[in-house]
2 protein chains.
Amino acid sequence: MAAAIGALTLRATRAGLYSRLTSGVQGVDATTYPVLSGLARVGPVTATKLAEAIGMDRTVATRYATRLQEAGLIDRRPDPADARATELVLTAEGERAVTALRGAMESFLAEEMATWPPGEAAAFAMRLEHLTESLVQGEAGRSC
Amino acid sequence: MAAAIGALTLRATRAGLYSRLTSGVQGVDATTYPVLSGLARVGPVTATKLAEAIGMDRTVATRYATRLQEAGLIDRRPDPADARATELVLTAEGERAVTALRGAMESFLAEEMATWPPGEAAAFAMRLEHLTESLVQGEAGRSC
DNA sequence: TATTGTTATACTCTATAACTATA
DNA sequence: TATAGTTATAGAGTATAACAATA
């Protein structure tokens, strides 16, 4: 179990997964992927809030957002409620990219879980999610 | 499920896990951890073979091995069968460090899995291992 | 000629600090 | 004064290439 977690969190594994997912989509790479998928998950938000949501530094998030904007996948618009804030939103092309990325991930998972007993996938996902939360919380707790 | 995998493979999560594990052990950090634990797993090997085993570049493995050697955790000895090769081995202090690291990981996992139904842990570990293998193999296969 | 170990170099990613504009 | 966004700078990590020694 420890070995499996170790292997899954290896930089090479992570980089391999992301680059495989993004290889078919123009304008996205392993580093900008979390920003794009995060934006798709939480909807239009400011860069600071998005950075918090995906566990990334503000400055990195804004830089990657600029890259994605240059690629035409996301857009910036002023927040009507706060003139300081800028909201990030997916463009139509960005939506298509996200759809493609999700499709690639889902087809991989479907293939992987094809032989699993019914109902196992949900239980596995729940445990994996909880495990990750514990890891993140444990880290956050350490700074207190 | 995709979200759980995404979160687990996030750089921040990985860095957090590794730095938490290694925070109590002198001479090991998040970057040298895979080298040390890999060496403990596969036994005395050359830097090139160790790098392959843990999915890391040869040059990076040798540099991190040097760091670990300077910290007194591993040692280099000539391979009797091949004068070109140098075998990496754990020192007594390195063995103690690995034991401490494994203990930290296992206590975390034990705490996490305390509420799981009996037998679930083994099934979960098996599926997680298989999932990771598929990710790695899929990446390797792409280069052919 | 190929391989091992290593070092040098350049490149990318990340983080700290600082700046501007607005609340 | 504090916060959002951004940019600049420095530091760490990684990968490509090249070297000497040996198979």
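Chain letters run A, B, ... following the sequence lines, proteins first, then strands; residues in each count from 1. Keep in mind the model is a prediction, meaning the values are calculated, not measured. What's counted below: heavy atoms across the whole structure, side chains too, no hydrogens, waters or symmetry copies.
B/T31 and B/Y18 share no side-chain donor-acceptor pair at under 3.5 Å.
Partners of B/T13 under the side chain to side chain contact (heavy atoms under 4.5 Å, CB included) rule, at least two apart in sequence or in another chain, are A/T132, A/L135, A/V136, B/L8, B/L10. Here B/Y64 pairs with nothing under the ring-ring contact (aromatic ring centres under 6.0 Å, His included) rule; sequence neighbours left out. With sequence neighbours left out, the salt bridge (Lys or Arg N to Asp or Glu O under 4.0 Å) criterion links A/D29 to A/R67. Looking at residues two or more places apart in sequence or on another chain, you find no salt bridge (Lys or Arg N to Asp or Glu O under 4.0 Å) involving A/R63. Not counting sequence neighbours, B/F108 has no partner by the ring-ring contact (aromatic ring centres under 6.0 Å, His included) test.
The CE atom of B/M105 sits 5.0 Å away from atom CD1 of A/I5, with the distance rounded to the nearest 0.5 Å.
The stretch residues 51-69 of chain A touches DNA chain D through A/T59, A/T62, A/R63, each having a heavy atom within less than 4.0 Å of the strand. At a non-hydrogen distance threshold of 4.0 Å, B/R76, B/R84, B/A85, B/T86 from residues 76-88 of chain B come into contact with DNA chain C. DNA chain C lies under 4.0 Å from no heavy atom of any residue of residues 28-43 of chain B.
Helix-axis bend for the helix from C/dT1-D/dA23 to C/dA23-D/dT1: the local axis fitted to the five terminal pairs at one end deviates from that at the other end by 0°, rounded to 10°.
Of all nucleotides in DNA chain D having an atom under 4.0 Å from a heavy atom of chain B, the first and last in 5' to 3' order are D/dG13 to D/dA23.
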Determine all donor-acceptor pairs shorter than 3.5 Å in which one atom belongs to a side chain in residues 112-123 of chain A; sequence neighbours excluded.
| from | atom 1 | to | atom 2 | distance (Å) |
| --- | --- | --- | --- | --- |
| A/E112 | OE1 | B/S134 | OG | 2.7 |
| A/E112 | OE2 | B/H130 | ND1 | 2.7 |
| A/W116 | NE1 | A/E112 | O | 3.4 |
| A/E120 | OE1 | B/R127 | NE | 3.1 |
| A/E120 | OE1 | B/R127 | NH2 | 3.2 |

For residues 33-52 of chain A, please give each side-chain donor-acceptor pair under 3.5 Å, one per line with the distance, not counting sequence neighbours.
| from | atom 1 | to | atom 2 | distance (Å) |
| --- | --- | --- | --- | --- |
| A/S37 | OG | A/Y33 | O | 3.2 |
| A/S37 | OG | A/P34 | O | 3.4 |
| A/T46 | OG1 | A/K49 | N | 3.3 |

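With hydrogens and angles disregarded, a donor-acceptor distance shorter than 3.5 Å links the side chain of B/R14 to the backbone of A/T9.
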